[in-house]
Structures are given as C-alpha cells and as structure tokens.
Amino acid sequence: MTESSLLAAGALSSIGTPTLWAVTIAGVLALLVLDFLVTRRPHEVSIREALGWSAFYVALPLAFGAWIWSRYGSQQGVEYLTGYLVEKSLSVDNLFVFMLLLAAFAVPAVLAQRVLLYGIAGALVLRAVFIALGAAALQTLDFAFLLFAIILIATAVKLLRDALSGHEQEVDINKMRSVKLLRRFMPVVDEYQGTRMTVRQGGRRALTPLALVVVAVLATDVVFAVDSVPAVYGITEDPYLVFATNAFALLGLRALYFVLHAALSRLVHLSYGLAIILAFIGVKLGLHWAHGIWSGVPEIPTLASLGVIIGVLVIVTLTSLRATRDASPGDKEVAAGRH
C-alpha cells in the first residue's frame, strides 16, 4: 500500500462531533433507563404493548436517518440506512438464540423482558468496545479491511454449513461454560425469585436462575459482536454511524421479541439469507482493501449493497413463509431451534 493511501486509511472521516456523540450516548442511556423503568414490575407483555414499543423503536431510527440524510447528505444517509438494515437483520438472529436460552432456562413469562433488557444493555457495551477496537484497527493496520472480510466470510460459511446440515441447535445449560463457572464459585437455588439475582440461603449468598440466564445471554452477545461490527464497517467507515446503527438496532429488540415470537419460528431460511449478506459484505470489504492497493480493482457502491441486502431479505422471508405455510404450531416450535 502506498504512503498516501496509508495516511488516508489512518484518518477515518466521521460526522460525529463531540456534541453529537454526547447527545447520542445520552439519548441511548435515557432509552435504556426508560426500558428498565417499564420492566421494573414484572408482567407478561401483551401484543398491543409490544406493537406500540416496536412502532416507536422503528420510527425513531428512521426519523434519525432522515435527519442524517438532510443534515449530512445522501451518502451518509444511505450508509446509515444500509448499516441499520444489516444490524437489524443480524439482531433478529440474536432473537433466535435468546428464544432458545429463555426456553432452556424455563424463564417465567413475566421475567422474559427483563432478561432481554439485560442482554441488550450488555450488547450495547460490547458493541461500543468492539467499535472502538475496529476503528483503532482501521487507523493502524493496512490489512484491517481484509481481516474483517475474512471474519465475515468465515462466519457466512459456518452459517451456511449449519443451515444445510439441518442440525437443530439445542441448549444444554449444564454444559455451558458460563453456567459451570458460576456454579463453581457460588451455589444456585432452584426457583426464580422475581427480578433478584442473588438470595441468602443457609447463611450464605446464592445465585438465582435469573443470574445464570443473564450471564448466558451476555456470553452470546460477545459472539454476535464479533460478527456485527465488521459487517457494518463493511458499509461505512464512520465510527459514529457504526455506533448509531448498532444502538438503534439493539434498543428495539425487547419489544420486537414479543411481536415476532410466533413468526420467528417460520423464518426457516433466515440463516441462508444472513450467510449470503455476510459473504457479500465480506467480498465488498475485500474489494475495498484491494482497491487501496490496485486502483483498477472495482468497489461495490453502498447503494448497490442496500439493494442486494433488501432483495435477499425479501426473498428469504417469502420462501420461509411459503415453506412453513402448512406447518402446525408444533412444527413451528421445532423450526425455532433450527439455527
């Protein structure tokens, strides 16, 4: 790579001024506090409540995207919307795993949204860390884009292999490393104790099952962060837009879980779609890296990426619904464990 291209790679352009960062982070924290206040009294979530919150968490990022478009131009607007769509798609995959974990730990319905909220808060912290590490890598390593491309393509291959094998994922909580580690240091009571993580039993502090499932959810957040952050860096190199797309995609997961709980089991082809999307973005990153060395190597425009991603998601949704149109409720529950 030439000296000029290295200098260009060392300075990531960003619309994120200190004020914009501060306002955005404060807004995200305020929304998290609001969610914790909403869930302070455990209750089963009605479809009406879930739809209301889901509508809010869809309207908010779209309105923010419109502001980005009008304030900073179409390029940043398209990058934000494309990145948000990618992150939202990957977050739906998160919901599959959350569904399996909640079922494996037999989480009471009234506590489900509190568990999801802990998972979302943990995911936001982890994404922030990975975003900062990604930005540092892009500024200091001339092969960072190639590394991100390899990660995404490897993830796509794994997703495709799992989907083709038809192997249903099962969660054995007794074999989970995080659970075994916690049980080694502290006793665990058998029954849930509301929203309490610990209780006093026999004169010593013990964990509740809620603590175990929260730690298990946080452990899965690490895996998803490794995939999602390189994926959105394949859309935009702006750390601020990367953070904003991740934050908005994650914030609405609590409500989206209850809206899509039944529909999730019908998206049997989602893994194929995500594998294609991640592989596509991996190729896009690889071409971008190669273009910095050989200017004749073509790059994939962000607008074209948006079209490909939308097209793939529409196709896999339609094929999934067609494949499960005659499935009974029992069959759909089985399908939920296919990923």
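- Under the side chain to side chain contact (heavy atoms under 4.5 Å, CB included) criterion, Phe280 pairs with Ile300, Ser305, Val308, not counting sequence neighbours.
- Contact check for Val213 versus Leu111: no side-chain heavy atoms found under the 4.5 Å cut-off.
- Linking Ile, Leu, Val, Met, Phe, Trp and Tyr residues whenever their side-chain heavy atoms come within less than 4.5 Å leaves Leu146 and Val157 in two separate clusters.
- Taking 4.5 Å as the limit, some side-chain heavy atom of Leu218 sits within range of a side-chain heavy atom of Asp221.
- In this structure the side chain of Tyr257 reaches within 4.5 angstrom of the side chain of Met99, judged on heavy atoms.
- Across all their heavy atoms, Ile15 and Leu241 have their closest contact at CD1-CD2, 3.8 Å.
- To the nearest 0.5 Å, the span separating OG1 on Thr155 from CG on Leu90 amounts to 9.5 Å.
- No chain of hydrophobic side-chain contacts below 4.5 Å, direct or via other Ile, Leu, Val, Met, Phe, Trp or Tyr residues, connects Ile315 to Leu159.
- Take Trp67 and apply the ring-ring contact (aromatic ring centres under 6.0 Å, His included) test, not counting sequence neighbours, and it matches Phe64, Tyr72.
- For the pair Pro209/Glu191, no side-chain contact is recorded, criterion being any heavy-atom separation below 4.5 Å from C-beta on.
- The backbone N or O of Leu51 lies less than 3.5 Å from no partner atom in the side chain of Ser54, so there is not a single donor-acceptor pair.
- Following chains of ILVMFWY side-chain contacts shorter than 4.5 Å, one can reach Val28 starting from Trp53, so the two form part of one hydrophobic cluster.
- For CZ of Arg205, the number of neighbouring non-hydrogen atoms (other residues, nucleotides, ligands) closer than 6.0 Å is greater than 12.
- In terms of the side chain to side chain donor-acceptor pair (under 3.5 Å) criterion, residue partners of Tyr240 (sequence neighbours excluded) are, by chain and number, Thr24.
- To the nearest 0.5 Å, the span separating OG on Ser70 from CD on Gln76 amounts to 11.5 Å.
- Placement of Ile153 and Phe145 in two distinct hydrophobic clusters is found when ILVMFWY residues are connected by side-chain heavy-atom separations under 4.5 Å, directly or transitively.
- Hydrophobic clustering (ILVMFWY, side-chain heavy atoms < 4.5 Å, transitive): Ile25 and Val242 are in one cluster.
- The structure places CZ of Phe143 at 11.5 Å from CD1 of Ile293, a figure rounded to the nearest 0.5 Å.
- The salt bridge (Lys or Arg N to Asp or Glu O under 4.0 Å) pairs that include a residue from residues 293-318 number zero, where partners must be two or more places apart or lie in different chains.
- Aromatic rings of Phe243 and Trp21 (six-membered ring for Trp) have centroids within the 6.0 Å cut-off, being under it.
- In this structure, His291 contributes its side chain and Pro298 its backbone to no donor-acceptor pair below 3.5 Å.
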Pairs under 3.5 angstrom only: tabulate donor-acceptor contacts from the side chains of residues 113-137 to other protein residues two or more places apart or in another chain.
from, atom 1, to, atom 2, distance (Å)
Gln113, OE1, Arg254, NH1, 2.8
Gln113, NE2, His43, ND1, 3.4
Gln113, NE2, His43, NE2, 3.3
Arg114, NE, Thr39, OG1, 3.1
Arg114, NH2, Phe36, O, 3.4
Arg114, NH2, Thr39, O, 2.9
Arg114, NH2, Thr39, OG1, 3.2
Arg127, NE, Ser228, OG, 3.2
Arg127, NH1, Ser228, OG, 3.2
Arg127, NH1, Asn246, OD1, 2.8

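- Put simply, the side chain of Tyr233 reaches to within 4.5 Å of the side chain of Leu138, judged on heavy atoms.
- Smallest separation of non-hydrogen atoms from Ile281 and Ala231: CG2-O, 3.4 Å.
- Here Val189 is tied into one hydrophobic group with Val199, each link being a pair of ILVMFWY side chains closer than 4.5 Å.
- Residues satisfying the side chain to side chain contact (heavy atoms under 4.5 Å, CB included) criterion with Val283, sequence neighbours excluded, are Leu287.
- Between Tyr80 and Pro61 the shortest side-chain heavy-atom distance falls below 4.5 Å.
- Across all non-hydrogen atoms, the minimal contact from Tyr192 to Ala106 is CE1-O, 3.5 Å.
- Contact between Gly83 and Ile235 at its shortest, heavy atoms only, is N-CG2, 3.8 Å.
- In this structure, OH on Tyr272 lies 9.5 Å from OG on Ser320, to the nearest 0.5 angstrom.
- For the pair Leu313 and Ser89, the tightest heavy-atom approach, listed with the atom from each and the gap, is CD1-OG, 3.0 Å.
- Summarising the geometry, atom CZ belonging to Phe148 is positioned 8.5 Å from atom CG belonging to Leu141; distances are rounded to the nearest 0.5 Å.
- Every side chain to side chain donor-acceptor pair (under 3.5 Å) that Gln75 has, sequence neighbours left out, goes to Glu79.
- At a threshold of 4.5 Å between non-hydrogen side-chain atoms, the residues Leu85 and Leu81 do not count as touching.
- With sequence neighbours excluded, the residues that form a side chain to side chain contact (heavy atoms under 4.5 Å, CB included) with Thr317 are Leu267, Leu321.
- When side chains are defined from C-beta on, Trp289 does not count as touching Leu147, because their heavy atoms never get closer than 4.5 Å.
- With sequence neighbours excluded, the residues satisfying side chain to side chain donor-acceptor pair (under 3.5 Å) with Glu237 are His288.
- Between the OG1 atom of Thr245 and the CG atom of Leu250 there is a distance of 9.5 Å, given to the nearest 0.5 Å.
- Shown here are the ring-ring contact (aromatic ring centres under 6.0 Å, His included) partners of Tyr57, two or more places apart in sequence or in another chain: there are none.
- Nearest heavy-atom pair, Leu210 versus Arg196, reported as atom, atom and distance to 0.1 Å: CD2-O, 3.9 Å.
- Partners of Ser295 by side chain to side chain contact (heavy atoms under 4.5 Å, CB included), not counting sequence neighbours: none found.
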